[in-house]
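Letters go in sequence order (proteins before strands), and every chain restarts at 1. What you see below is based on every heavy atom in this structure, not just the backbone, and it leaves out hydrogens, waters and symmetry mates.
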Amino acid sequence: MNERAAGNARASDGAAAALTDEDRIDLLRTMIMIREFEEQVQRSYLEGLVHGTTHLCNGQEAVCAGVAKALRDDDYVSYTYRGHGQCLARGMDLEAAFAELFGRATGACGGLGGSMHLTDIDHGLIGAFGIVGAGLPVAVGAGLSAQLAGRKQVSVCFFGDGAVNIGAFHEALNIAQVWRLPVIFVCENNLYGEFSHILHTTPYEDLVIRAASYAMRTELVDGNDVLAVYAAAAGAVARARDNGGPAFLECKTYRHRGHSRTDPAKYRAPAEVEAWLKRDPLSLYRAELCAAGLISESDADRFTIEARSAVKAAADRAAAAPWPSLKQDFMAKTFV
Amino acid sequence: MNERAAGNARASDGAAAALTDEDRIDLLRTMIMIREFEEQVQRSYLEGLVHGTTHLCNGQEAVCAGVAKALRDDDYVSYTYRGHGQCLARGMDLEAAFAELFGRATGACGGLGGSMHLTDIDHGLIGAFGIVGAGLPVAVGAGLSAQLAGRKQVSVCFFGDGAVNIGAFHEALNIAQVWRLPVIFVCENNLYGEFSHILHTTPYEDLVIRAASYAMRTELVDGNDVLAVYAAAAGAVARARDNGGPAFLECKTYRHRGHSRTDPAKYRAPAEVEAWLKRDPLSLYRAELCAAGLISESDADRFTIEARSAVKAAADRAAAAPWPSLKQDFMAKTFV
Amino acid sequence: MTANEKMAAAELKPLQMAIQEITYREAIVAALREEMRRDPKTLIMGEDIGASGGPFKTCQGLYEEFGASRVRDTPIAETGFVGAALGLALTGYRPIVEIMFADFLGVCFDQIANSIAKHRFMSGGRVKTPIVIRALGGAGLRFGAQHSQTAESWLLSVPGLKIICPSNPEQAYLMLKAAIRDDNPVLVLEHKALLSTKGAAPIGLDDVAMPTGPRVLRPGRHATIVASLAMVGKALAAADRLALEGIEAEVIDVQVLRPLNVSPISDSVRRTNILVTVEEQAPTGGWSSDVVADVVSQAFDFLDAPPARITLPDHPLPYSPHLEDSFIPSPERIAATVKSLL
Amino acid sequence: MTANEKMAAAELKPLQMAIQEITYREAIVAALREEMRRDPKTLIMGEDIGASGGPFKTCQGLYEEFGASRVRDTPIAETGFVGAALGLALTGYRPIVEIMFADFLGVCFDQIANSIAKHRFMSGGRVKTPIVIRALGGAGLRFGAQHSQTAESWLLSVPGLKIICPSNPEQAYLMLKAAIRDDNPVLVLEHKALLSTKGAAPIGLDDVAMPTGPRVLRPGRHATIVASLAMVGKALAAADRLALEGIEAEVIDVQVLRPLNVSPISDSVRRTNILVTVEEQAPTGGWSSDVVADVVSQAFDFLDAPPARITLPDHPLPYSPHLEDSFIPSPERIAATVKSLL
Ligand SMILES: Cc1ncc(C[n+]2csc(CCOP(=O)(O)OP(=O)(O)O)c2C)c(N)n1
Ligand SMILES: Cc1ncc(C[n+]2csc(CCOP(=O)(O)OP(=O)(O)O)c2C)c(N)n1
Ligand SMILES: [Mg+2]
Ligand SMILES: [Mg+2]
């Protein structure tokens with residue numbers, strides 16, 4: 001676990017304090033929804049409904065939910081193959097998400113994209129990038145767009161710890177800083193690339209060190225504490241809207257499952273996994289809200305049951321949805 | 001001019017102190033030779049003997065000479081299109097260099113490479129890279145080779161300030177540090193890319209800031225002070241030979257001429273140019289050696305005359321050399 | 001009149017078309033300028049294209065007219081700014097980028113092939129990606145192996161991308177304008193050896209459209225020569241030579257490499273029965289193989305001889321002038337090849 | 001016997017060859033292992049290829065045998081480690097790199113096309129660049145548009161590079177061994193849909209050589225089908241179907257994409273008079289156009305019909321299984337195409 005991260009976590013508690021009770025509860029419900037979605041995806045994968053491969057974000061829900069809460073509807077968000085959570089947090093329709101993963105005509109991308117490429121431009125979800133690092137320059141372009149349009153939008157870009165070693169990361173951060181673009185780089189540092197620990201591929205664990213070298217504002221955040229994530233994001237977003245330039249948030253977190261498909265993630269020490277499971281963001285936040293008296297345990301159980309049934313219903317509808325037509329005009333999907 | 005650079009310059013004077021008088025004089029002669037070479041290249045370019053384009057290093061001779069002095073014959077050196085100085089400092093034959101620039105059969109690369117691609121593997125000159133940043137990963141490979149071979153060699157890589165914004169730079173520095181390779185990254189910060197000032201494309205002028213973010217040892221060097229360059233290089237090289245890992249030297253310097261060909265470099269303020277011309281590395285060092293009584297002014301004049309005539313003779317021989325045969329086996333130059 | 005004066009004149013009556021004798025470089029500048037005036041959502045990014053007007057002066061005057069926010073100098077970071085073009089396009093802008101040498105397309109290949117070209121398709125056709133990538137390529141200037149490639153074939157197999165190649169000022173002008181208005185990613189390959197060549201162009205013409213295929217530049221009955229970029233001029237010169245001997249060669253500029261439409265070439269071959277292609281690229285992986293393969297399917301019975309392809313050799317281009325020249329297809333070689341097939 | 005046991009057995013008598021039934025994946029591992037034993041200057045770099053044996057298990061057991069210094073996990077930095085391969089090669093090593101998905105060749109395209117492929121030539125032939133780049137590509141596994149490309153044509157036009165494509169375990173084994181011994185840069189394109197396919201391979205064979213051209217896998221008199229990678233299996237299946245109807249199709253694995261040598265294909269066409277190519281790529285810029293164009297020049301008079309090319313469509317591959325399958329050339333489609341030409 002990262003002591004400093006935990007220590008820093010509520011540094012900007014001011015922002016979090018501004019959340020209404022409803023917002024706080026809503027955050028929990030979003031996290032529950034994402035967790036239930038991913039659990040269902042895993043089941044559907046094993047049933048053969050999800051094809052190829054899939055990358056789940058269980059354990060990282062606080063980052064998706066916390067950042068999304070700090071955004072406006074007209075902000076831009078980009079992410080990776082591990083992007084289901086970001087999409088749901090922005091309001092992507094559950095059934096459209098499942099249907100896309102199932103390769104159906106009713107999917108968010110009509111079944112042409114798949115699990116790694118959920119896109120929903122109407123929710124500002126500009127794209128899921130399967131090539132590590134590729135989303136960052138694109139987010140920079142969306143940030144430039146926001147700057148030019150002058151409507152105080154921001155562009156948020158999610159990526160993993162493994163992405164910080166590839167060239168695209170570097171070029172993107174430099175340009176964003178030199179042009180002072182409203183881009184929030186959110187690094188979900190879950191300590192692993194596919195099977196390699198971060199210290200195997202990077203000289204240190206705290207990626208804020210690297211980001212700071214672009215003269216960029218950085219913040220190390222406990223990525224398993226949704227209010228800490230929200231607070232950090234809200235601060236960075238407010239500054240960016242106000243022409244304060246880009247920011248880099250490093251959210252320390254952990255994926256509960258393997259990298260993709262059925263990866264058992266044997267490369268991780270059991271003690272490490274156990275320690276992180278104890279800091280499950282969902283349980284922590286649920287307990288916090290209960291302790292604060294905002295909700296009761298049974299409220300929380302109800303949220304879970306509701307989410308689970310909404311998820312199940314959406315998955316069932318998606319599974320019953322038609323396959324995309326072989327007769328559609330694919331060239332019209334390629335060129336306007 | 002950079003105060004801190006000047007201030008820092010002799011920080012590792014210990015190493016420079018170890019140079020013999022002969023070495024010190026030799027350094028001056030190398031710098032003179034490079035200067036005379038580049039002046040001749042410019043003349044030859046205007047006469048139509050050098051084709052296409054050429055990138056001169058006048059004003060940056062202290063970096064080439066100072067670093068080369070810290071190396072062994074079996075070390076590896078890579079550089080860019082602005083690489084004539086590095087090649088000469090390593091001992092590339094003058095005539096072979098001219099003949100290559102003139103596109104002749106007797107050129108270092110038989111006329112196939114040209115001004116941007118002088119290579120001489122026998123002098124450890126592993127390659128000149130025309131794509132900005134491309135040489136850095138290659139230098140990392142040579143460093144890995146050195147580490148694996150265990151003969152305490154080092155790999156030195158020269159590049160400009162403009163290269164620090166491209167992905168290849170980033171990937172190379174990270175890998176070199178993670179694998180603790182004996183690679184010395186020498187950034188010749190001449191303040192400009194082609195026509196853009198560094199602050200137009202990079203958030204700050206001191207590139208050591210960026211390099212330090214790889215947890216790499218860095219040093220800011222007055223690149224117009226050859227003994228400072230030597231001292232910094234000698235220190236970094238000694239550590240690298242001793243498994244101390246990579247280092248990054250930022251040598252503040254200035255190109256006297258434009259970026260390439262006949263670029264008049266109008267984008268630079270006359271006062272800036274003038275200030276840097278006053279700190280011409282060659283004049284500074286010449287004055288230093290004279291003041292120290294190591295040489296007389298007439299010795300220095302003699303060195304220049306000797307260099308000039310050696311250069312002229314080599315250029316004349318190169319200009320008289322045959323063109324490469326159209327009948328040679330080009331496929332054998334492509335594949336072994 | 002200088003290019004700037006010409007454009008200043010055009011500025012007064014922006015919709016009035018006037019045929020003008022301009023250079024390929026001026027044609028590029030004029031197209032950029034007119035389209036940037038036409039649509040405030042356009043902007044251009046590239047290295048040193050601002051105050052300096054671009055290393056090849058292909059953006060001369062734009063910075064002065066449109067300012068630093070629409071004519072953007074970038075760091076040396078092609079992946080960064082080409083990727084940024086996609087972000088701009090997805091959010092309502094119409095970015096244009098300049099790649100200083102086409103050879104540098106290699107450093108941003110991924111963004112083009114995997115992000116830009118596929119994004120619309122992967123979204124189920126729900127986004128638009130109006131992006132123009134201009135890249136200056138080509139040999140003949142003694143720039144050595146890493147600065148002399150047309151890169152015509154590097155992205156030839158990438159679905160989702162349009163690739164166009166102007167060979168004269170008129171095309172440079174019309175095609176670039178159309179590309180900027182196109183709602184899809186268009187790679188515009190320009191040739192640096194053509195920058196100072198002159199020709200007539202309908203400056204100020206507003207009614208432009210993306211060409212849908214090759215264009216016959218010179219009619220002829222005895223043989224069809226298809227070429228791109230700087231090879232078009234060589235083909236025309238070859239046709240001149242052949243004409244002296246009474247051989248009438250039809251010269252076709254392939255001009256749109258993707259999507260490839262060979263019908264006009266097949267039509268020509270049905271009349272001439274002879275096909276020669278000229279391509280400034282290695283013998284494999286280029287458009288001329290595609291053209292031959294497609295023409296063979298469409299006009300098999302009309303071919304009097306196997307089509308001949310003239311290309312660069314299968315090794316990098318050398319620096320030395322005599323060597324470089326010897327490898328670039330010449331009018332003599334083209335004419336001789338045509339004659340060998342008659 | 002597992003692959004590891006087989007190799008352990010082979011280890012006892014390294015020079016004794018034994019024909020074994022192994023998978024394509026095991027063939028890759030065996031080739032790497034034997035060549036790394038043979039030459040201490042070899043090493044392999046890639047993402048997660050060390051203790052984990054590689055995401056596709058194509059390096060299984062190498063880390064245990066050769067240790068972390070010769071089996072190197074890299075950061076996610078393809079430009080970095082592919083570029084490093086050149087530095088290693090120039091200084092006496094024989095690096096092998098693994099690109100996890102061939103689609104990622106885009107992020108290191110520049111290092112391959114501009115540095116690796118040109119370095120020897122630009123040095124005047126004075127350096128050697130023994131480098132093997134293995135990349136796992138191909139469709140059929142529902143990995144979507146960015147993880148399903150063979151990338152066969154991306155580097156097809158790059159002089160200075162050899163490109164080979166094994167379609168079965170025997171080739172995977174023999175060609176990879178030869179590539180590692182080759183003193184030139186070799187791009188080895190492997191197909192992930194083939195990894196678990198089985199076939200006989202002469203494990204332990206020391207006497208290997210780079211193939212110089214295509215290979216006839218199944219003789220036949222009535223038509224020539226040329227294919228690569230996973231399409232070879234489809235072509236063989238098509239030949240089976242055709243055989244039931246008395247049509248004998250010759251199936252040729254193109255196997256060496258560059259340098260391309262079509263002579264064996266032309267020889268075949270001179271006998272069969274019919275040519276069909278099958279390529280897992282878009283219709284333009286691929287090897288099949290080169291093959292058709294070259295065969296047409298070499299065997300024009302022997303063709304009874306225009307050659308037919310079967311390819312992917314000219315759009316990215318969709319994720320949805322039925323759609324993906326519908327676009328991958330099938331034995332039915334190949335057989336029908338052959339029949340349409342007879
Ligand atoms: C350029 C590139 N190289 C390799 C891969 C294969 N790959 C996919 S995900 C991944 C690990 C990424 O790790 P990280 O950035 O930490 O994100 P996480 O999966 O942990 O969310 C790798 C190596 C890729 N997609 N793109
Ligand atoms: C990838 C790439 N982009 C652009 C260029 C064109 N270019 C050549 S040199 C140069 C400027 C490089 O500046 P710097 O790194 O500071 O080196 P200097 O020329 O000052 O020595 C540029 C942009 C290139 N060669 N490669
Ligand atoms: Mg990670
Ligand atoms: Mg510079």
A:H200, part contacting chain D, at a heavy-atom distance under 4.5 Å: side chain
Under 4.5 Å from any heavy atom of chain D - which part of A:T334: side chain
Side-chain donor or acceptor of A:T201 paired with backbone N/O of D:P75 under 3.5 Å: no
Side chain / backbone / both / neither for D:F101 at chain A, heavy atoms under 4.5 Å: neither
Residue pair A:H259 / D:D48, side-chain heavy-atom distance below 4.5 Å: no
Contacting moiety of A:Y267, where chain D heavy atoms sit under 4.5 Å: neither
Contact check, side chains of D:M100 and A:E194, non-hydrogen atoms, under 4.5 Å: yes
Inter-residue atom distance D:R142.CZ - A:T53.OG1, 0.5 Å rounding: 13.5 Å
Between OG on residue D:S52 and NZ on residue A:K266, distance to nearest 0.5 Å: 14.0 Å
Residue A:T202 versus chain D: region with a heavy atom under 4.5 Å: neither
For the student: nearest non-hydrogen atoms of D:H322 and A:L326, plus distance: O-CD2, 3.9 Å
Distance, nearest 0.5 Å, that separates OH of D:Y319 from CZ of A:R104: 9.5 Å
Test log, rule side-chain contact (heavy atoms from CB on, under 4.5 Å), inputs D:Q146 and A:M116: CA-CA 9 Å; D:Q146 291 187 337; A:M116 288 203 255; over 6 Å; no
Heavy-atom proximity to chain A below 4.5 Å, by part of D:F104: side chain
Geometric class of the A:F330/D:H315 ring pair [parallel <30°, tilted 30-60°, perpendicular >60°]: parallel
